Amino acid sequence: MLPYGPFARRPDNSAFKQQRLPAWSPSLTPYTVLPVFYFLALVCVLLGVWLLITVQSTHQLKIDYTDSGACATCFEMRNDPTKVKMNCDCVINFSVPKAFQGDVFIYYGLINFHQNLRRYMKSRDDAQLVGRKNSLKSPSSYCEPFAYDENAVPIAPCGAVANSMFNDSFTLTYHPPAGDSVNVPLYRKGITWYTDKNVKFRNPSTNTTLQQAFQGTAQPLFWQKPVYELDLVHPHNNGFINDDLIVWMREAAFPNFKKLYGILNRAHATFSYGLPEGNYSIAISYNFPVQYFQGRKEVMLSTVSWFGGQNHFLPIAYLVSGGLIFIVAIVLTAVYVKVGRSGKNMEE
(Lines give C-alpha, C1' and ligand atoms only; values in the text may rest on other atoms or scores of the structure.)
Protein backbone atom coordinates (compact mmCIF):
# COMPACT_ATOMS: atom_id res chain seq x y z
CA MET A 1 0.00 0.00 0.00
CA LEU A 2 1.38 3.36 -1.06
CA PRO A 3 1.81 6.03 1.64
CA TYR A 4 -0.54 8.98 1.56
CA GLY A 5 -1.12 12.17 3.43
CA PRO A 6 1.78 14.22 4.91
CA PHE A 7 4.16 11.22 4.68
CA ALA A 8 3.62 10.56 0.97
CA ARG A 9 6.94 12.19 -0.05
CA ARG A 10 9.02 10.84 2.84
CA PRO A 11 12.11 8.86 1.68
CA ASP A 12 12.35 5.19 2.52
CA ASN A 13 13.75 4.30 5.90
CA SER A 14 16.94 2.86 4.46
CA ALA A 15 20.57 3.50 5.43
CA PHE A 16 21.30 5.00 2.01
CA LYS A 17 18.34 7.36 1.75
CA GLN A 18 18.51 8.35 5.40
CA GLN A 19 22.29 8.93 5.13
CA ARG A 20 23.22 6.42 7.80
CA LEU A 21 25.89 4.62 5.76
CA PRO A 22 29.24 4.23 7.53
CA ALA A 23 31.66 6.99 6.53
CA TRP A 24 35.23 7.98 7.25
CA SER A 25 36.04 11.57 8.09
CA PRO A 26 39.74 12.42 8.40
CA SER A 27 40.84 14.07 11.60
CA LEU A 28 43.20 16.86 10.59
CA THR A 29 45.66 17.27 13.42
CA PRO A 30 49.20 18.65 13.43
CA TYR A 31 50.48 15.08 13.69
CA THR A 32 48.84 14.18 10.36
CA VAL A 33 49.04 17.46 8.42
CA LEU A 34 52.62 18.57 9.12
CA PRO A 35 54.30 15.30 8.00
CA VAL A 36 52.33 15.48 4.73
CA PHE A 37 53.60 19.03 4.08
CA TYR A 38 57.20 18.06 4.80
CA PHE A 39 56.89 14.95 2.63
CA LEU A 40 55.44 16.90 -0.32
CA ALA A 41 58.18 19.52 0.01
CA LEU A 42 60.84 16.81 -0.04
CA VAL A 43 59.32 15.07 -3.07
CA CYS A 44 59.03 18.33 -5.06
CA VAL A 45 62.60 19.37 -4.28
CA LEU A 46 64.01 15.95 -5.17
CA LEU A 47 62.06 15.90 -8.45
CA GLY A 48 63.19 19.44 -9.24
CA VAL A 49 66.86 18.62 -8.61
CA TRP A 50 66.62 15.42 -10.66
CA LEU A 51 64.99 17.18 -13.62
CA LEU A 52 67.42 20.09 -13.38
CA ILE A 53 70.40 17.72 -13.57
CA THR A 54 68.76 16.01 -16.56
CA VAL A 55 68.19 19.32 -18.35
CA GLN A 56 71.74 20.48 -17.62
CA SER A 57 73.09 17.36 -19.33
CA THR A 58 71.76 18.62 -22.67
CA HIS A 59 73.51 21.21 -24.83
CA GLN A 60 71.96 24.02 -26.82
CA LEU A 61 73.40 26.71 -29.06
CA LYS A 62 71.41 29.53 -30.68
CA ILE A 63 72.60 31.63 -33.63
CA ASP A 64 70.55 34.74 -34.39
CA TYR A 65 71.21 35.54 -38.04
CA THR A 66 68.44 38.09 -38.67
CA ASP A 67 70.77 41.00 -39.46
CA SER A 68 74.11 39.61 -38.33
CA GLY A 69 77.28 39.92 -40.39
CA ALA A 70 76.80 39.21 -44.07
CA CYS A 71 73.07 38.61 -43.52
CA ALA A 72 72.54 42.35 -42.89
CA THR A 73 72.52 42.92 -46.67
CA CYS A 74 69.86 40.24 -47.15
CA PHE A 75 67.86 41.71 -44.29
CA GLU A 76 67.72 45.07 -46.05
CA MET A 77 66.96 43.43 -49.38
CA ARG A 78 63.94 41.61 -47.97
CA ASN A 79 62.68 44.98 -46.70
CA ASP A 80 62.53 46.27 -50.28
CA PRO A 81 59.29 45.13 -52.02
CA THR A 82 60.98 45.34 -55.43
CA LYS A 83 63.65 42.82 -54.39
CA VAL A 84 61.50 40.33 -52.52
CA LYS A 85 61.94 37.55 -55.09
CA MET A 86 65.66 38.10 -55.63
CA ASN A 87 67.96 35.39 -54.26
CA CYS A 88 70.22 36.34 -51.37
CA ASP A 89 72.75 34.11 -49.64
CA CYS A 90 74.91 34.78 -46.60
CA VAL A 91 77.31 32.91 -44.35
CA ILE A 92 77.51 33.08 -40.54
CA ASN A 93 80.56 31.79 -38.66
CA PHE A 94 80.28 30.43 -35.14
CA SER A 95 82.02 28.04 -32.79
CA VAL A 96 80.87 25.10 -30.69
CA PRO A 97 82.71 25.46 -27.35
CA LYS A 98 81.90 21.93 -26.18
CA ALA A 99 81.19 18.77 -28.16
CA PHE A 100 77.53 17.83 -28.61
CA GLN A 101 77.47 14.12 -27.78
CA GLY A 102 74.79 11.86 -29.26
CA ASP A 103 71.97 12.84 -31.57
CA VAL A 104 71.92 16.51 -32.52
CA PHE A 105 68.77 18.26 -33.71
CA ILE A 106 68.82 21.39 -35.88
CA TYR A 107 65.90 23.79 -35.52
CA TYR A 108 64.93 27.11 -37.01
CA GLY A 109 63.33 29.59 -34.65
CA LEU A 110 61.07 32.60 -35.07
CA ILE A 111 60.49 35.34 -32.51
CA ASN A 112 57.29 37.40 -32.34
CA PHE A 113 55.49 35.37 -35.02
CA HIS A 114 51.96 34.63 -33.78
CA GLN A 115 50.86 31.35 -35.34
CA ASN A 116 48.20 30.96 -32.64
CA LEU A 117 45.81 33.64 -33.96
CA ARG A 118 42.39 32.12 -34.56
CA ARG A 119 41.87 33.50 -38.06
CA TYR A 120 45.38 32.47 -39.06
CA MET A 121 44.93 28.91 -37.76
CA LYS A 122 41.60 28.52 -39.58
CA SER A 123 43.03 29.78 -42.86
CA ARG A 124 43.65 26.33 -44.37
CA ASP A 125 41.76 23.58 -46.17
CA ASP A 126 42.30 20.21 -44.51
CA ALA A 127 40.25 18.47 -47.19
CA GLN A 128 42.66 19.83 -49.80
CA LEU A 129 45.67 18.72 -47.76
CA VAL A 130 44.48 15.09 -47.69
CA GLY A 131 44.45 15.09 -51.51
CA ARG A 132 40.76 15.41 -52.34
CA LYS A 133 40.60 16.55 -55.95
CA ASN A 134 37.38 18.53 -55.63
CA SER A 135 38.96 20.60 -52.84
CA LEU A 136 42.13 20.97 -54.89
CA LYS A 137 40.27 22.97 -57.53
CA SER A 138 37.67 24.50 -55.18
CA PRO A 139 39.46 25.67 -52.01
CA SER A 140 37.53 26.33 -48.83
CA SER A 141 36.31 29.86 -48.13
CA TYR A 142 38.40 29.75 -44.95
CA CYS A 143 41.47 30.18 -47.18
CA GLU A 144 40.45 33.65 -48.35
CA PRO A 145 42.19 35.85 -49.41
CA PHE A 146 44.72 33.13 -50.24
CA ALA A 147 42.33 30.78 -52.06
CA TYR A 148 42.83 32.07 -55.62
CA ASP A 149 45.54 34.06 -57.34
CA GLU A 150 45.01 37.23 -59.36
CA ASN A 151 43.98 35.14 -62.39
CA ALA A 152 41.31 33.25 -60.38
CA VAL A 153 43.42 30.06 -60.42
CA PRO A 154 43.00 27.98 -57.24
CA ILE A 155 46.03 27.97 -54.94
CA ALA A 156 47.46 24.71 -53.61
CA PRO A 157 48.03 24.60 -50.72
CA CYS A 158 45.70 27.48 -49.92
CA GLY A 159 45.40 29.64 -46.84
CA ALA A 160 47.51 31.99 -44.75
CA VAL A 161 49.34 29.20 -42.90
CA ALA A 162 50.77 27.64 -46.06
CA ASN A 163 51.32 31.03 -47.69
CA SER A 164 53.61 32.12 -44.83
CA MET A 165 55.68 28.92 -44.83
CA PHE A 166 59.26 29.40 -43.60
CA ASN A 167 61.52 29.05 -46.63
CA ASP A 168 65.08 29.77 -45.49
CA SER A 169 67.49 26.89 -46.06
CA PHE A 170 70.75 26.04 -44.29
CA THR A 171 73.99 24.24 -45.06
CA LEU A 172 76.19 23.55 -42.05
CA THR A 173 79.96 23.17 -42.49
CA TYR A 174 82.57 22.00 -39.99
CA HIS A 175 86.09 23.47 -40.16
CA PRO A 176 88.47 21.09 -38.35
CA PRO A 177 91.82 22.33 -37.01
CA ALA A 178 93.59 20.27 -39.66
CA GLY A 179 92.29 19.13 -43.01
CA ASP A 180 89.56 20.22 -45.35
CA SER A 181 86.17 21.53 -44.35
CA VAL A 182 83.37 18.97 -44.06
CA ASN A 183 79.68 19.53 -44.77
CA VAL A 184 77.58 18.40 -41.83
CA PRO A 185 75.16 15.74 -43.16
CA LEU A 186 71.55 16.07 -42.07
CA TYR A 187 68.48 13.89 -42.26
CA ARG A 188 65.91 16.13 -43.91
CA LYS A 189 63.20 13.47 -44.01
CA GLY A 190 61.45 11.67 -41.18
CA ILE A 191 61.13 14.82 -39.06
CA THR A 192 57.32 14.84 -38.88
CA TRP A 193 54.75 13.16 -36.69
CA TYR A 194 53.65 9.78 -38.04
CA THR A 195 49.96 10.73 -38.06
CA ASP A 196 50.69 13.95 -39.94
CA LYS A 197 52.75 12.23 -42.63
CA ASN A 198 50.46 9.24 -43.16
CA VAL A 199 46.99 10.46 -42.22
CA LYS A 200 46.53 14.23 -42.30
CA PHE A 201 48.57 15.00 -45.42
CA ARG A 202 48.25 13.10 -48.69
CA ASN A 203 48.97 13.92 -52.31
CA PRO A 204 46.18 13.76 -54.90
CA SER A 205 45.96 10.30 -56.41
CA THR A 206 47.34 10.18 -59.94
CA ASN A 207 48.63 7.72 -62.50
CA THR A 208 51.01 10.28 -63.96
CA THR A 209 53.51 12.72 -62.49
CA LEU A 210 52.90 14.85 -59.41
CA GLN A 211 53.18 17.98 -61.54
CA GLN A 212 50.23 16.84 -63.65
CA ALA A 213 48.27 16.03 -60.49
CA PHE A 214 48.58 19.69 -59.49
CA GLN A 215 47.87 20.97 -63.00
CA GLY A 216 45.34 23.79 -62.93
CA THR A 217 46.51 25.13 -59.58
CA ALA A 218 48.86 27.95 -58.63
CA GLN A 219 51.57 28.15 -56.01
CA PRO A 220 50.95 30.30 -52.89
CA LEU A 221 51.54 34.00 -53.48
CA PHE A 222 54.69 34.26 -51.33
CA TRP A 223 56.27 31.00 -52.50
CA GLN A 224 59.19 30.89 -54.90
CA LYS A 225 58.40 27.46 -56.35
CA PRO A 226 55.34 25.22 -56.67
CA VAL A 227 54.41 22.58 -54.13
CA TYR A 228 55.51 19.69 -56.36
CA GLU A 229 59.09 21.07 -56.49
CA LEU A 230 59.76 21.72 -52.81
CA ASP A 231 62.48 19.04 -52.63
CA LEU A 232 64.51 18.52 -55.79
CA VAL A 233 66.85 16.03 -54.05
CA HIS A 234 64.17 13.59 -52.85
CA PRO A 235 61.38 13.27 -55.45
CA HIS A 236 59.08 11.45 -53.00
CA ASN A 237 59.27 14.36 -50.55
CA ASN A 238 57.17 16.73 -52.63
CA GLY A 239 53.59 17.91 -52.71
CA PHE A 240 51.48 17.95 -49.58
CA ILE A 241 53.66 15.24 -47.96
CA ASN A 242 56.77 17.42 -47.95
CA ASP A 243 58.27 17.22 -44.46
CA ASP A 244 59.07 20.94 -44.20
CA LEU A 245 55.51 21.84 -45.18
CA ILE A 246 54.00 19.41 -42.68
CA VAL A 247 56.22 20.69 -39.85
CA TRP A 248 55.23 24.27 -40.62
CA MET A 249 51.51 23.49 -40.84
CA ARG A 250 51.47 22.31 -37.21
CA GLU A 251 50.97 25.72 -35.62
CA ALA A 252 52.95 26.80 -32.57
CA ALA A 253 51.18 27.82 -29.37
CA PHE A 254 53.45 30.76 -28.50
CA PRO A 255 54.88 33.68 -30.53
CA ASN A 256 58.47 32.54 -29.88
CA PHE A 257 58.92 29.01 -31.16
CA LYS A 258 61.26 26.59 -32.88
CA LYS A 259 60.56 23.93 -35.49
CA LEU A 260 62.65 20.95 -36.51
CA TYR A 261 64.74 21.44 -39.64
CA GLY A 262 66.93 18.32 -39.63
CA ILE A 263 68.75 15.69 -37.59
CA LEU A 264 72.48 15.04 -37.65
CA ASN A 265 73.39 12.02 -39.79
CA ARG A 266 75.96 10.23 -37.64
CA ALA A 267 76.91 7.73 -40.35
CA HIS A 268 79.81 10.02 -41.31
CA ALA A 269 82.97 9.11 -39.37
CA THR A 270 83.59 12.72 -38.30
CA PHE A 271 80.19 12.96 -36.64
CA SER A 272 79.76 9.41 -35.36
CA TYR A 273 79.76 10.65 -31.75
CA GLY A 274 77.89 13.89 -32.44
CA LEU A 275 79.10 17.38 -33.26
CA PRO A 276 82.76 17.89 -32.31
CA GLU A 277 83.81 21.16 -30.75
CA GLY A 278 85.44 23.69 -33.04
CA ASN A 279 84.64 26.22 -35.74
CA TYR A 280 81.61 26.01 -37.97
CA SER A 281 79.88 28.08 -40.61
CA ILE A 282 76.33 28.05 -41.84
CA ALA A 283 75.38 29.07 -45.38
CA ILE A 284 71.89 30.53 -45.44
CA SER A 285 69.53 31.00 -48.34
CA TYR A 286 67.85 34.10 -46.91
CA ASN A 287 64.21 34.28 -48.07
CA PHE A 288 61.85 34.69 -45.12
CA PRO A 289 61.14 38.36 -44.23
CA VAL A 290 60.66 39.28 -40.56
CA GLN A 291 60.55 43.08 -40.68
CA TYR A 292 56.79 43.18 -41.14
CA PHE A 293 56.12 41.69 -37.71
CA GLN A 294 59.25 43.04 -35.95
CA GLY A 295 60.55 39.51 -35.58
CA ARG A 296 63.87 37.70 -35.41
CA LYS A 297 65.22 34.49 -36.95
CA GLU A 298 67.64 31.99 -35.47
CA VAL A 299 69.19 28.59 -35.97
CA MET A 300 69.37 26.29 -32.96
CA LEU A 301 71.55 23.23 -32.34
CA SER A 302 70.41 21.02 -29.51
CA THR A 303 70.79 17.60 -27.95
CA VAL A 304 67.92 15.93 -26.14
CA SER A 305 67.39 13.59 -23.21
CA TRP A 306 64.42 11.44 -22.18
CA PHE A 307 62.95 14.67 -20.79
CA GLY A 308 63.29 16.48 -24.12
CA GLY A 309 65.36 19.54 -24.97
CA GLN A 310 66.80 22.18 -22.70
CA ASN A 311 63.74 23.52 -20.89
CA HIS A 312 64.13 24.74 -17.29
CA PHE A 313 60.48 25.53 -16.64
CA LEU A 314 59.39 22.25 -15.01
CA PRO A 315 62.50 21.81 -12.80
CA ILE A 316 62.21 25.39 -11.56
CA ALA A 317 58.46 24.93 -11.00
CA TYR A 318 59.11 21.86 -8.84
CA LEU A 319 61.85 23.61 -6.86
CA VAL A 320 59.74 26.71 -6.24
CA SER A 321 56.71 24.60 -5.27
CA GLY A 322 58.82 22.52 -2.89
CA GLY A 323 60.29 25.66 -1.33
CA LEU A 324 56.86 27.25 -0.84
CA ILE A 325 55.42 24.07 0.69
CA PHE A 326 58.40 23.84 3.04
CA ILE A 327 57.92 27.47 4.13
CA VAL A 328 54.23 26.83 4.81
CA ALA A 329 55.16 23.73 6.82
CA ILE A 330 57.63 25.76 8.91
CA VAL A 331 54.97 28.44 9.56
CA LEU A 332 52.39 25.84 10.58
CA THR A 333 54.93 24.16 12.87
CA ALA A 334 55.77 27.50 14.50
CA VAL A 335 52.09 28.26 15.01
CA TYR A 336 51.53 24.84 16.57
CA VAL A 337 54.49 25.25 18.93
CA LYS A 338 53.41 28.77 19.84
CA VAL A 339 49.72 28.05 20.37
CA GLY A 340 50.13 24.61 21.89
CA ARG A 341 48.11 21.46 21.48
CA SER A 342 45.22 22.60 23.67
CA GLY A 343 45.09 26.08 22.20
CA LYS A 344 45.28 27.77 25.63
CA ASN A 345 47.85 30.27 24.37
CA MET A 346 45.25 31.68 21.95
CA GLU A 347 43.61 33.44 24.94
CA GLU A 348 46.77 35.41 25.79
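Side-chain atoms are counted along with the backbone in the values below, which use heavy atoms only and exclude waters and symmetry mates. What you see is a predicted model; the values in this text were computed from it and never measured.
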Counterpart residues, disulfide (SG to SG under 2.5 Å), relative to Cys90 (two or more places apart):
Cys71

Can you tell me if Thr54 uses its side chain to pair, donor with acceptor, with the backbone of Trp50 under 3.5 Å?
yes

Verify the neighbour count for atom CZ of Phe293: are there more than 12 heavy atoms of other residues, nucleotides or ligands below 6.0 Å?
yes

Indicate if Ile241 and Tyr228 have the same hydrophobic cluster label, given that clusters are the connected sets of ILVMFWY residues with side-chain heavy-atom separations under 4.5 angstrom.
no

ILVMFWY cluster, Val247 and Val304 together (side-chain gap under 4.5 Å):
yes

Go through the structure and list residues passing salt bridge (charged side-chain N to carboxylate O under 4.0 Å, His left out) with Asp168, not counting sequence neighbours.
Lys297

How many angstroms lie between CD1 in Ile263 and CZ in Phe105, if you round to the nearest 0.5 Å?
5.0 Å

Inter- and intrachain pairs under side-chain hydrogen bond (donor to acceptor under 3.5 Å, both in side chains), touching residues 127-145, at least two apart
none

The criterion is side chain to side chain contact (heavy atoms under 4.5 Å, CB included); which residues satisfy it with Glu277, sequence neighbours excluded?
none

Applying a strict under-4.5 Å side-chain criterion to I, L, V, M, F, W and Y, I'd like to know whether Leu275 and Ile92 cluster together.
yes

Glu251 and its salt bridge (charged side-chain N to carboxylate O under 4.0 Å, His left out) partner, picked from Arg124, Lys259, Arg118, Lys122
Arg124

Among all residues two or more places apart in sequence or in another chain, which pass the side chain to side chain donor-acceptor pair (under 3.5 Å) test with Thr206?
Thr208

Going by the rule side chain to side chain contact (heavy atoms under 4.5 Å, CB included), which residues pair with Ala283 if we only count those two or more places apart in sequence or in a different chain?
Val91, Thr171

Could you give the distance from OG1 (Thr209) to CG (Asn238), rounded to the nearest 0.5 Å?
11.5 Å

Can you name the side chain to side chain contact (heavy atoms under 4.5 Å, CB included) partners of Asn198, sequence neighbours left out?
Tyr194

List the atom of Asn279, the atom of Ser95, and the distance in Å for their closest heavy-atom pair.
OD1-CB, 3.7 Å

To the nearest 0.5 Å, tell me how far Asn242 CG sits from Met249 CE.
11.5 Å

Asn116 versus Phe254: any side-chain heavy-atom pair under 4.5 Å?
no

Against Tyr280, only a single residue in Tyr174, Phe100, Phe170 fulfils ring pair (Phe, Tyr, Trp, His ring centres under 6.0 Å); can you say which?
Tyr174

Verify, without hydrogens or angle tests, whether Arg296 (side chain) and Thr66 (backbone) share a donor-acceptor contact under 3.5 angstrom.
no

To the nearest 0.5 Å, atom OH of Tyr336 lies from atom CG of Leu34 at 8.5 Å

Aromatic contact, Phe146 with Trp223 (centres under 6.0 Å):
no

Heavy-atom side-chain contact between Ile106 and Val299 under 4.5 Å
yes

Enclosure of Tyr148 OH (heavy-atom neighbours >12, cutoff 6.0 Å)
yes

From Ile316 atom CD1 to Ser321 atom OG, the distance as rounded to the nearest 0.5 Å
11.5 Å

Hydrophobic clustering (ILVMFWY, side-chain heavy atoms < 4.5 Å, transitive) - are Leu172 and Phe288 grouped together?
yes

Ile246: partners by side chain to side chain contact (heavy atoms under 4.5 Å, CB included), with sequence neighbours left out
Thr192, Asp196, Lys197, Phe201

Using atom types as modelled and distance alone, determine if a side-chain donor or acceptor of Thr58 lies under 3.5 Å from a backbone N or O of Gly309.
no

Looking at Gln18 and Asp12, what are the two nearest heavy atoms and their distance?
NE2-O, 3.1 Å

Do you know which two heavy atoms are closest between Pro315 and Val55, and how far apart they sit?
CG-CG2, 4.0 Å

Around atom CZ of Arg119, are there more than 12 heavy atoms from other residues, nucleotides or ligands closer than 6.0 Å?
no

Should the heavy atoms of other residues, nucleotides or ligands under 6.0 Å from CD of Gln19 be counted, would the total exceed 12?
no

Mind checking side chain to side chain donor-acceptor pair (under 3.5 Å) for Thr73 and listing every partner two or more places apart, or none if nothing turns up?
none

Within 6.0 Å of OH in Tyr292, more than 12 heavy atoms from elsewhere
yes

Expected output: side-chain Asp67 to main-chain Phe75 donor-acceptor under 3.5 Å:
no

Let me confirm one number: the OH-CD distance from Tyr273 to Gln101, rounded to the nearest 0.5 Å.
9.5 Å

Closer than 3.5 angstrom, by distance alone: can the side chain of Asp125 be matched with the main-chain N or O of Cys143 as a donor-acceptor pair?
no

Could you report the tightest heavy-atom contact between Met86 and Arg78, atom names first, then the distance?
O-NH2, 2.5 Å

Among the clusters formed by ILVMFWY side chains lying less than 4.5 Å apart, do Ile284 and Val290 turn up in the same one?
yes

Got a salt bridge between Lys62 and Asp64, using NZ or NE/NH1/NH2 to carboxylate O under 4.0 Å?
no

Pair up each side-chain donor or acceptor in residues 176-188 with any protein partner under 3.5 Å, not counting sequence neighbours, and list the distances.
from   : atom 1 : to     : atom 2 : distance (Å)
Ser181 : OG     : His175 : ND1    : 2.7
Asn183 : OD1    : Thr173 : OG1    : 3.1
Tyr187 : OH     : Asn265 : OD1    : 3.0
Arg188 : NH1    : Asp244 : OD1    : 3.1
Arg188 : NH1    : Tyr261 : O      : 2.5
Arg188 : NH2    : Asp244 : OD1    : 3.4
Arg188 : NH2    : Asp244 : OD2    : 2.6

Output field: ring centroids Phe94/Tyr65 closer than 6.0 Å:
no

Disulfide bond (SG atoms under 2.5 Å apart) pairs touching residues 271-322, sequence neighbours excluded, are none

Phe326 atom CZ: more than 12 heavy-atom contacts under 6.0 Å:
no

According to side chain to side chain donor-acceptor pair (under 3.5 Å), who are the partners of Thr333, at least two apart in sequence or on a separate chain?
Tyr38

Asp103 and Leu264: CA distance, side-chain angles, deciding distance, side chain to side chain contact (heavy atoms under 4.5 Å, CB included) verdict
CA-CA 6 Å; Asp103 292 328; Leu264 176 66; over 6 Å; no

Quick one: does any side-chain atom of Asn163 pair with a main-chain N or O of Phe222 as donor and acceptor, under 3.5 Å?
yes

